[in-house]
Enquirer: 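Structure incoming, see below.
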2 protein chains.
Amino acid sequence: MLRLSKRVEYGLMAVLHMDQADEGAWTTAAELAATYQIPAELLGKVLQALGRAGILKSAHGAKGGYQLARPMDELVLCDVLEAIEGPFRLVRCQEEPHSCDQYEVCSIREPVLDIQQQLLEYLGGFELKAFRLKKRKINKRQENLCTTN
Amino acid sequence: MLRLSKRVEYGLMAVLHMDQADEGAWTTAAELAATYQIPAELLGKVLQALGRAGILKSAHGAKGGYQLARPMDELVLCDVLEAIEGPFRLVRCQEEPHSCDQYEVCSIREPVLDIQQQLLEYLGGFELKAFRLKKRKINKRQENLCTTN
DNA sequence: ATCAATCCCGACCTTTTTTGTCCTAATTTC
DNA sequence: GAAATTAGGACAAAAAAGGTCGGGATTGAT
Ligand code: SF4
Ligand code: SF4
């Protein structure tokens, strides 16, 4: 099943939230967890991963929290994805050849690797700022609907 | 983890194999399982799914087996993928809205849906015949290497 | 008609991955 | 020092993927 993991979804929500927070403000994990109904401890780990990847800055102690290390305009989907799940790999032989029983007789490895490469580049094209723009679009659309109703 | 499932890999191997088999020949599941060291019963299910999706034709009884229902040139990665795993969905709320605790407060649904759509179109661009071509390329590359060595 | 080869399919078990929880530091502010 | 907060390891629960088994149906050969 080619599906976004919950962690990545949590990470995206967090980043988007901080993008829309006041400049320089610190957002706490507890606050995010409450807002988006996410298990706090789990969200914590996601935020830590984003921190380690240099996407977020963190501040310990009371009055601490997280904020974007760089503006969201410079981020793409792939950044968040790989920060949380590690490098993007379409097939497991990429990390450990011996973890696959078919390695010796596999007829699809090379072409699939090629696809992975192309896909990775394509994923680099999804800018997170589209999340912001999309939101405006939706609002606009709703306004239009209201006008028609 | 955004990774191709084993079933899809098995399906791709099977399709590629039949593409390279003699015109009109029937390939059996047992034969494929032996060649690619795949658990026979599991491969069976994959082939059945491909059959239901109209990618393969099957023949019961002795001398039976599978063959491509249409030439591989008309197939794309997405065909095999969806035949085996069902429709491509990047997020779970697409199938069952209530399966997600964050549905009511989700801030990323719309943009992610948009990405799913684009990705789906992009996946439609990966033609399976590239698997054939790639194979030739590899052989060529190896020849070149041999020449240099 | 029987038999062997083969596809079909549901039920089940096992392993792996994902998701979630708990608990204990370490850091900072008040 | 107490409270708020991040950091992170260990573990439990749930879900998904992978694999196995057994019974049935269809076909061709003997
Ligand atoms: S089947 Fe082929 S492509 Fe898939 S993991 Fe094994 S070796 Fe890699
Ligand atoms: S978090 Fe949002 S996008 Fe993800 S499944 Fe729930 S509703 Fe859909």
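A quick note: this is a predicted structure, and the numbers were derived from the prediction, not measured. Within every chain, numbering begins at 1; the chains are lettered A, B, ... in the order of the sequence lines, protein sequences first and strands thereafter.
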Enquirer: Name all pairs fulfilling the side-chain hydrogen bond (donor to acceptor under 3.5 Å, both in side chains) condition that reach into residues 38-56 of chain B, sequence neighbours left out, sorted by first residue then second.
Expert: none

Enquirer: Mind checking what makes side chain to side chain contact (heavy atoms under 4.5 Å, CB included) contact with A/C106, not counting sequence neighbours?
Expert: A/I108, A/R109, B/M13

Enquirer: Taking DNA chain C as the partner, which of residues 37-49 of chain A come within under 4.0 angstrom of it by heavy atom?
Expert: A/P39, A/E41, A/L42, A/K45

Enquirer: Mind calculating the distance between CH2 (A/W26) and C1' (D/dA4) to the nearest angstrom?
Expert: 15 Å

Enquirer: Considering all heavy atoms of both residues, which atom of B/I38 and which atom of B/L43 are nearest to each other, and what is their separation?
Expert: CG2-CB, 3.8 Å

Enquirer: Which side-chain N or O atoms in residues 23-36 of chain A pair as donor and acceptor under 3.5 Å with protein atoms at least two apart or in another chain?
Expert:
unit_1	atom_1	unit_2	atom_2	d
A/T28	OG1	A/E31	N	3.0
A/T35	OG1	A/E31	O	2.8
A/Y36	OH	A/H17	ND1	2.8

Enquirer: Sequence neighbours left out, what pairs pass ring pair (Phe, Tyr, Trp, His ring centres under 6.0 Å) with at least one residue falling in residues 93-125 of chain A?
Expert: A/Y122-A/F126, A/Y122-B/Y122

Enquirer: Report, one line per pair, each donor and acceptor closer than 3.5 Å where one atom sits in a side chain of residues 1-8 of chain B; sequence neighbours left out.
Expert:
unit_1	atom_1	unit_2	atom_2	d
B/R3	NH2	A/E95	OE2	2.7
B/S5	OG	B/V8	N	3.3
B/S5	OG	B/E85	OE2	2.7
B/K6	NZ	A/Q102	OE1	2.9
B/K6	NZ	B/E9	OE1	3.3

Enquirer: Is B/Y66 close to B/L50 at the side-chain level, that is, under 4.5 Å between some pair of heavy atoms?
Expert: no

Enquirer: In whole Å, what is the span from the CG atom of B/L56 to the P atom of C/dC8?
Expert: 10 Å

Enquirer: Mind calculating the distance between CD (B/Q67) and P (C/dT6) to the nearest angstrom?
Expert: 15 Å

Enquirer: Using a cut-off of 4.0 Å on non-hydrogen atoms, how would the nucleic acid contact of B/A29 be classed: base, sugar-phosphate, or nothing?
Expert: sugar-phosphate

Enquirer: Given atom CG of A/L50 and atom P of D/dA7, what is their separation to the nearest angstrom?
Expert: 11 Å

Enquirer: Taking only N and O in the side chain of A/S58, is any of them less than 4.0 Å away from OP1 or OP2 of D/dA7?
Expert: yes

Enquirer: Can a donor-acceptor pair be found, under 3.5 Å and without considering hydrogens, that links the side chain of A/E127 to the backbone of A/V76?
Expert: no

Enquirer: Nearest 0.5 Å please: distance from the NZ atom of B/K129 over to the CE atom of B/M72.
Expert: 9.5 Å

Enquirer: With sequence neighbours left out, which residue pairs that include part of residues 56-79 of chain A fulfil the salt bridge (charged side-chain N to carboxylate O under 4.0 Å, His left out) condition?
Expert: A/D73-A/R132

Enquirer: Give one of base, sugar-phosphate or nothing for B/G65, where a contact means two heavy atoms less than 4.0 Å apart.
Expert: sugar-phosphate

Enquirer: Calculate the interatomic distance between A/R52 atom CZ and D/dT6 atom P; express it in whole Å.
Expert: 14 Å

Enquirer: Which heavy atom of B/A83 sits nearest a heavy atom of B/A53, and at what distance?
Expert: CB-CB, 3.4 Å

Enquirer: Would you list the protein and nucleotides 27-30 of chain C atom pairs, both N or O, that sit under 3.5 Å from each other?
Expert:
unit_1	atom_1	unit_2	atom_2	d
C/dT27	O4'	A/H60	ND1	3.1
C/dT27	O2	A/G61	N	3.3
C/dT28	O2	A/A62	N	3.2

Enquirer: Report the distance from atom CG of A/L4 to atom C1' of C/dT19, rounded to the nearest whole Å.
Expert: 15 Å

Enquirer: Can you measure B/K57 atom NZ to C/dC8 atom P for me and round it to whole angstrom units?
Expert: 14 Å

Enquirer: With a 4.5 Å heavy-atom cut-off, do B/Y10 and B/V15 have their side chains touching?
Expert: no

Enquirer: Rounded to whole angstrom units, what separation is found between the CD atom of B/Q102 and the C1' atom of C/dT19?
Expert: 11 Å

Enquirer: Nearest-nucleotide wise, let me know which of A/A30 and A/R3 is further upstream toward the 5' end of DNA chain D.
Expert: A/A30

Enquirer: Please list, by residue number, the residues of residues 5-13 of chain A whose heavy atoms come closer than 4.0 Å to an atom of DNA chain C; answer none if no residue qualifies.
Expert: A/S5, A/K6, A/R7, A/Y10

